[in-house]
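What follows is a set of notes on a single structure, which appears directly below.
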Number of protein chains: 2
Amino acid sequence: MSKDHSSNIREVAALAGVSIATVSRALQQPDKVRPETRKKVFDAVRQANFVPNAQAASFRRQSNNTVILLVRDIGNPFYLEIYKGVEEAAGEAGFKVLMGDARNDEHRVATHIDMVRQKHADGLILMTGQFPSELLDQGDALPPIVIASETVPGLELPTVKVDNRAASMNAVRHLMEAGHERIVHLAGPVPESLAQERFDGYRAALAEAGIAYADELVVTGDYSIEAGRQAIAGLLEGGIVFTAIFASSDQMAIGAISELRGRGLSVPGDVSVIGFDDIIFANAFEPPLTTVRQPRQEMGRRAMALMVDRLNGKRTAETIVLDTELVVRGSVAPCRPPHR
Amino acid sequence: MSKDHSSNIREVAALAGVSIATVSRALQQPDKVRPETRKKVFDAVRQANFVPNAQAASFRRQSNNTVILLVRDIGNPFYLEIYKGVEEAAGEAGFKVLMGDARNDEHRVATHIDMVRQKHADGLILMTGQFPSELLDQGDALPPIVIASETVPGLELPTVKVDNRAASMNAVRHLMEAGHERIVHLAGPVPESLAQERFDGYRAALAEAGIAYADELVVTGDYSIEAGRQAIAGLLEGGIVFTAIFASSDQMAIGAISELRGRGLSVPGDVSVIGFDDIIFANAFEPPLTTVRQPRQEMGRRAMALMVDRLNGKRTAETIVLDTELVVRGSVAPCRPPHR
DNA sequence: TTGAAAGCGCTAACAA
DNA sequence: TTGTTAGCGCTTTCAA
């Protein structure tokens, strides 16, 4: 019968009649020990019910092959597939992934950066544009950080993103081609870069088509369903007239549609809507949401790859830009005379 | 200027002119050192740019105040709010939370249990009914595990769940009160307990109302949108007649509705639908989904509380049962003559 | 191919 | 209140 209290490498060594160094080697680099020795060790491991203490190993190695994926808001399903991509690449490289929630709070970003400083993890994949300004000038003193999807002005770090400006222009053009001119933009938390880039794309598309930009048509939010709801409620109550919406997240688009419906307006009958992200619910929604697809899984994979590079000592601040795709489904219709 | 390579407690001690024990104490239990000494230490910490190595501390303490939240499928937003509850309670108790994805694969459950054995984390909050059978008989030799939402037959562990059977009966009754008799059940992966309990509730409600149970009306799935879609596609193509659906997850309900619509059927016009979970999208959906609300955040909080108890040496296998609530929204209508 | 031994940075028991 | 000191379990260098 095997003992049940957890044993250590010394017991195994004693049992196998070898030194602890040999046990360690047999486990880490089996080809470095003679087959017979290896067998003795393995038998002893089994007999002692030995499970190596990863904490001790990490401590000794001064690294634990774990990275933190810190997202803006874990409530947004957008990040789920990112996580999958990160985890996949991490697994291949022998890393574990810890997912953290910044809750739209830059203080929590600082907390997680501290976790890396304290060696809880080897690096941080950052997926929020909020960054504690007091850390901005630390430059080289920052622990390994890779940014995904967003960017932080003033921080030169390895980054994976999409061309938000171009993607937005494309989406807005699609709306204009359907005859829409009074297009609301549900923006992210401008002036953060990500939100700003999409906003810029919206303006650029308008300008290109010779449509005047109107401040009253732009509302910012935190990408949540609730933000989408509230934005539309405010617009409608303010008597603002519009026939289409370009939202910078599917969640805001869905919140907007829900609110429109609650007030008796139909989508796309009265108002056409385009979202951003192509989360899993976009396609199951009614109407199926026309949206900008981001290659989320790949974004996650590439971010993790950049992290591995960084942890291997590479110190470039490479930026990878991935393609987006406008997925046309059922939430956009030709423009009809505006409501009211 | 402060140095940028990370310093250790010895340097700080030297700088402050005290022993390393005093530095440790000043940082961990400030009230145990004289204010003046404390100040000297803090100054030295700042000057040396000292960040305690949490890994070393964890190693020394043989615990790292981290728990893993292992969920069946991280793609299901159901788990997001659970995570929030867990994280909240964890924060209060000084714990960190690591979220892992079992991907409906019991092998990955084993992997994560190993992570705890290897001291990557102190405990595991398990949110899947899949469990490697070879670990079942380990009983006391298992690391600290708490189960949430699901149960594993043969495993006596601290558990938080809802009364799935009663909740299902309630939902099905609601459908029958609207006149429905041909009610499809989109079940989870029976015979896992969670799925089984909801299935039992469905049957019990039917029996109570004197409606015959029909095998053809029950389809199992893995709680995903896609599973809901496919189940309905199969039913419709098989010529099965029904007027209502009780799904054991909102995602399956949403997938089902999407498929129904794709085939020209309306909800709730032709088919009424009730889901389970009340994920954030349920309310924004069209029609707003009638569903069984689970107190997710509380479930997370209680699970974490059980974990803290367990880590403090409590060895009971307490089961906490939380209340559910049928949230009536717009996806159920009085029964009309069945389609076809 | 194997063993001896140093030591990662910290905590905590014990002594002063 | 503070200091001394013995490790936690492992990896890794160096020597044999």
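Chain naming here is simple, since letters A, B, ... match the order of the sequence lines and numbering starts at 1 in each. Computed from a prediction, not measured in an experiment: that's the story for all the values here.
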Worksheet item: Which atoms form the tightest heavy-atom contact between P189(A) and Y223(A), and what is the distance?
Response: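 Heavy atoms only, the tightest pair is CD-CE1, 3.3 Å.
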Discussion item. Which heavy atom of D73(A) sits nearest to which heavy atom of D101(A), and what is that distance?
Written reply: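 Taking D73(A) first and D101(A) second, the nearest heavy atoms are CA-OD1, 3.5 Å.
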What is the distance, to the nearest angstrom, from the [atom1] atom on [X] to the [atom2] atom on [N]?
{"X": "N53(A)", "N": "dG7(D)", "atom1": "CG", "atom2": "C1'", "result": "14 Å"}
{"X": "R10(A)", "N": "dC8(D)", "atom1": "CZ", "atom2": "P", "result": "6 Å"}
{"X": "I20(B)", "N": "dT4(D)", "atom1": "CD1", "atom2": "C1'", "result": "9 Å"}
{"X": "Q55(B)", "N": "dC8(C)", "atom1": "CD", "atom2": "P", "result": "14 Å"}
{"X": "N65(B)", "N": "dT11(C)", "atom1": "CG", "atom2": "C1'", "result": "14 Å"}
{"X": "L27(A)", "N": "dC10(D)", "atom1": "CG", "atom2": "P", "result": "9 Å"}
{"X": "K32(A)", "N": "dT13(D)", "atom1": "NZ", "atom2": "P", "result": "10 Å"}
{"X": "R34(B)", "N": "dT2(D)", "atom1": "CZ", "atom2": "C1'", "result": "9 Å"}

Discussion item. Nearest 0.5 angstrom please: N49(B) CG to R117(A) CZ, how far?
Written reply: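 Between atom CG of N49(B) and atom CZ of R117(A) there are 7.0 Å.
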Worksheet item: Considering residues, nucleotides and ligands other than E156(B), do more than 12 of their heavy atoms fall under 6.0 Å from its CD?
Response: no
Is [X] close enough to [N] that one of its side-chain N or O atoms is under 4.0 Å from OP1 or OP2 there?
{"X": "Q28(A)", "N": "dT11(D)", "value": "yes"}
{"X": "S19(B)", "N": "dT4(D)", "value": "no"}
{"X": "R61(B)", "N": "dT11(C)", "value": "yes"}

Of the nucleotides [options], which one has an atom closest to the side chain of [X]?
{"X": "A57(B)", "options": "dG3(C), dC10(C), dA12(C)", "value": "dC10(C)"}
{"X": "Q62(B)", "options": "dA5(C), dC8(D), dT4(D)", "value": "dC8(D)"}
{"X": "S24(B)", "options": "dG9(D), dT11(D), dT11(C)", "value": "dT11(C)"}
{"X": "R25(A)", "options": "dG3(C), dG3(D), dG9(C)", "value": "dG3(C)"}

Worksheet entry | Residue whose closest nucleotide on DNA chain D lies nearer the 5' end, A21(B) versus R60(B) |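 This one resolves to A21(B).
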Item to complete: Nearest-nucleotide wise, let me know which of V18(B) and F59(B) is further upstream toward the 5' end of DNA chain D.
Response: V18(B)
Worksheet item: Looking only at atom types and distance, does a side-chain atom of Q130(B) sit under 3.5 Å from a main-chain N or O of N104(B), one as donor and one as acceptor?
Response: yes
